[in-house]
Amino acid sequence: MGKLFGTDGIRGRTGHYPMTVEVAMATGKAVAHFVGGGDRKQVVIGRDTRGSGSMLESALAAGIASQGVDVCLAGVIPTPAVAFLAMNTPDAGAGIVISASHNPYYDNGIKLFRGDGHKLSDEEEAMMEARILALLSNNKGDNAQEDRSGEEIANPGHIQPMSHVLERYATFLRGIYTQGIKDTHAATSNDSPLGTIVVDCSNGAAFQVAQQVFAPPHFNARFIHISPDGVNINKDCGSQHTEDLSKEVIKHNACAGLAFDGDADRLIALDETGAVVTGDKILAICAAHAARKGHLTHNRVVSTVMSNIGLSRALKSLGIHHEITGVGDRQVMAAMEKSGAVLGGEDSGHMIFSNCLTTGDGLLTALKLLIVMVETGEALSRLAEVMTVYPQVLKNVSVRPDKPDFMGIDAIASSIEQAEKLLNGNGRVLVRYSGTQPLLRVMVEGEDSSCIHGVCDEICRVIREYIGL
């Protein structure tokens, strides 16, 4: 049994380690211990629309209840909604999401939140992983001594569905929007100051709640990919595949398109021309607007090393400090908490507005972006001009499973150094291992597209020669 947790929870192909019923049940037991066992605190479980979700839900719930802890089933609901529910449900000690985010239907995953709506820290995650692995190996030592069978518990936990969860979450989100446009909206005679918007729910977790959030009188919305069947989640739709959305935006002369991923914790937007507005651009738009209004605490924005260098240059021109952290919204949130920043995100579309919620939320991000459009009266294409996206190429190289220290190999280190010299300060090279697969990811950015492709190809060639499969 190998490492369980990747960049964002446990993830893999359903039925294959680590995404098995056995791992799910052990995870449930470990979470029960985390929230206090006999204290009878509750654990909230939500899932996306994958066919395997209910199976894993049952295994997790059984593991939790077997340890004397109650389970609240939220059903199909976005990942950030579970964080919201964990924060706002009496006695909730944790939240669990069953989702593989933007991955195909045959994958699934488990994400964990504390009762305060935050994802686990690195230290908490390491402790959780050790306990799960001990349970799986039937270790009866210290790591597993709290595991108790159902026969040993006089009063096992209850498993019951939660009521009105979509309405609670939708009301929370609509409140943020109405408060955000309060002054501007009061000055208009139109209930919906925006034009038509098109919303792509990716046949995923947002397919119901998005229709409640983007409803009249504030929105005139059209919805696509809202018919999940267990296998069509993320299939040719959503944040990874915006072709259908672009066509619909143009067809209906919409002012914007909004594309969520399978668990709706990320957003990719389209402007009125059908062109993609990346996560970095959304971050720059929201940062610029917040700074103008005096709402950008500490005048600071956090993003990951995967952000385009155009974001750093845009923020610098706006006089906003840009803090760069490791990959994953957990890393972004940790840096935000440390620095006091209230805005952070990833180019993939994860945005964190920490004065509203503790984790990335695609629907919340969409509303924040629409608020900027309402308040400025600007077209989204015009707002997106705040940032110039530099050409970027990203390639994956399959490498040995042991993932050796590539910078310790002179030829690879030299190829990266030569690439950086060639870019001469007008670009950057980022080489990092995948958190879940035996892949080395090579990203190169710069002003000249042909140059960065050549640079990337050369680095990949050397990697394949020395540590490739």
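Just so it is clear, the structure is predicted and the values come from calculations on it, not from any experiment.
Residue pairs meeting the salt bridge (Lys or Arg N to Asp or Glu O under 4.0 Å) criterion with at least one partner in residues 231-249, sequence neighbours excluded, do not occur; the list is empty. Under the salt bridge (Lys or Arg N to Asp or Glu O under 4.0 Å) criterion, the residue pairs touching residues 295-304 are R300-E323, with sequence neighbours excluded. Listed by first and then second residue, the salt bridge (Lys or Arg N to Asp or Glu O under 4.0 Å) pairs involving residues 325-340 are K119-D329, D122-R330, E125-R330 (not counting sequence neighbours). Residue pairs meeting the ring-ring contact (aromatic ring centres under 6.0 Å, His included) criterion with at least one member in residues 57-111, sequence neighbours excluded: F84-F172.
Not one N or O on the side chain of T49 forms a donor-acceptor pair closer than 3.5 Å with the backbone of P228. S246 places no side-chain N or O within 3.5 Å of a backbone atom of T242 that could act as its donor or acceptor partner. In this structure, the side chain of E57 does not engage the main chain of G46 through any donor-acceptor pair within 3.5 Å. Of the possible polar contacts, one joining the N232 side chain to the S227 backbone as a donor-acceptor pair under 3.5 Å is found. Remark: the backbone N or O of H158 is paired with a side-chain donor or acceptor of D70 at under 3.5 angstrom.
Between L311 and H322, the closest heavy-atom pair is CD2-NE2, 3.9 Å. Minimum heavy-atom separation, C237 to N203: SG-ND2, 3.9 Å. Closest approach of A210 and V199 over heavy atoms only: CB-CG1, 4.5 Å. Among all heavy-atom pairs drawn from A134 and S137, the shortest one is O-OG, 3.1 Å. Heavy-atom minimum distance, V76 versus D48: CG2-O, 3.8 Å. Smallest separation of non-hydrogen atoms from L296 and A287: CD2-O, 4.0 Å.
For D116, the salt bridge (Lys or Arg N to Asp or Glu O under 4.0 Å) partners at least two apart in sequence or on another chain are R114. The salt bridge (Lys or Arg N to Asp or Glu O under 4.0 Å) check on D200 picks up nothing, with sequence neighbours excluded. In this structure D402 satisfies the side chain to side chain donor-acceptor pair (under 3.5 Å) test together with R400, sequence neighbours excluded. For the side-chain contact (heavy atoms from CB on, under 4.5 Å) test, residues two or more places apart in sequence or in another chain that qualify with S121 are E123, E124. N299 pairs by the side chain to side chain donor-acceptor pair (under 3.5 Å) definition with nothing, not counting sequence neighbours. Listed by chain and residue number, nothing satisfies the ring-ring contact (aromatic ring centres under 6.0 Å, His included) test with F223 (two or more places apart in sequence, or in another chain). In this view, K368 satisfies the salt bridge (Lys or Arg N to Asp or Glu O under 4.0 Å) rule with no residue, not counting sequence neighbours. Partners of F214 under the ring-ring contact (aromatic ring centres under 6.0 Å, His included) rule, at least two apart in sequence or in another chain, are F219.
In this structure the side chain of S101 reaches within 4.5 angstrom of the side chain of K111, judged on heavy atoms. Counting only heavy atoms from C-beta outward, the side chains of L173 and V209 never approach each other to under 4.5 Å. At a threshold of 4.5 Å between non-hydrogen side-chain atoms, the residues R50 and N234 count as touching. For the pair L370 and I181, the minimum side-chain heavy-atom distance is 4.5 Å or more. Under the 4.5 Å side-chain criterion, counting only non-hydrogen atoms from C-beta, D347 is not in contact with M306. K281 is listed as a side-chain neighbour of V389, based on a closest heavy-atom distance under 4.5 Å. With a 4.5 Å cut-off on side-chain heavy atoms, R432 and V327 count as touching. Residues F113 and V44 form no side-chain contact, since every pair of their non-hydrogen atoms from C-beta on lies 4.5 Å or further apart.
Using modelled atom types, one finds a donor on one side chain and an acceptor on the other under 3.5 Å when comparing S434 with R441. Side chains of N108 and T14: no donor on one and acceptor on the other come within 3.5 Å. One side chain, S307 or D280, offers a donor N or O that lies under 3.5 Å from an acceptor on the other.
In this structure, NE2 in H289 is found 10.5 Å from CG in L369, a value given to the nearest 0.5 Å. With values rounded to the nearest 0.5 angstrom, S354 atom OG is found 10.0 Å from L357 atom CG. Between the CG atom of L4 and the OH atom of Y17 there is a distance of 4.0 Å, given to the nearest 0.5 Å. D261 contributes atom CG, which lies 7.0 Å from atom CD of Q240 (distance to the nearest 0.5 angstrom). Atoms NE2 and OG, from H350 and S303 in turn, are 14.0 Å apart once rounded to the nearest 0.5 Å. Interatomic distance, C72 SG to D91 CG, rounded to the nearest 0.5 Å: 9.0 Å.
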Evaluate side chain to side chain contact (heavy atoms under 4.5 Å, CB included) for V342 paired with F353, printing each intermediate quantity in order.
CA-CA 6 Å; V342 294; F353 297 85; over 6 Å; no

Run L194 and M373 through side chain to side chain contact (heavy atoms under 4.5 Å, CB included) and show every step you take.
CA-CA 8 Å; L194 291 163; M373 293 174 64; 4.1 Å; yes

Run the numbers on R168 and L85 for side chain to side chain contact (heavy atoms under 4.5 Å, CB included), then give the verdict.
CA-CA 9 Å; R168 288 173 61 188; L85 291 170; 3.7 Å; yes

V43 and V69: CA distance, side-chain angles, deciding distance, side chain to side chain contact (heavy atoms under 4.5 Å, CB included) verdict
CA-CA 7 Å; V43 177; V69 175; 4.0 Å; yes

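Between I110 and the options T27, I45, I132, L56, a side-chain contact (heavy atoms from CB on, under 4.5 Å) holds for only T27.
Within 6.0 Å of CZ in R222 there are 12 or fewer heavy atoms belonging to other residues, nucleotides or ligands. For M127, the CE atom sits in a loose shell: 12 or fewer heavy atoms of surrounding residues, nucleotides or ligands are nearer than 6.0 Å.
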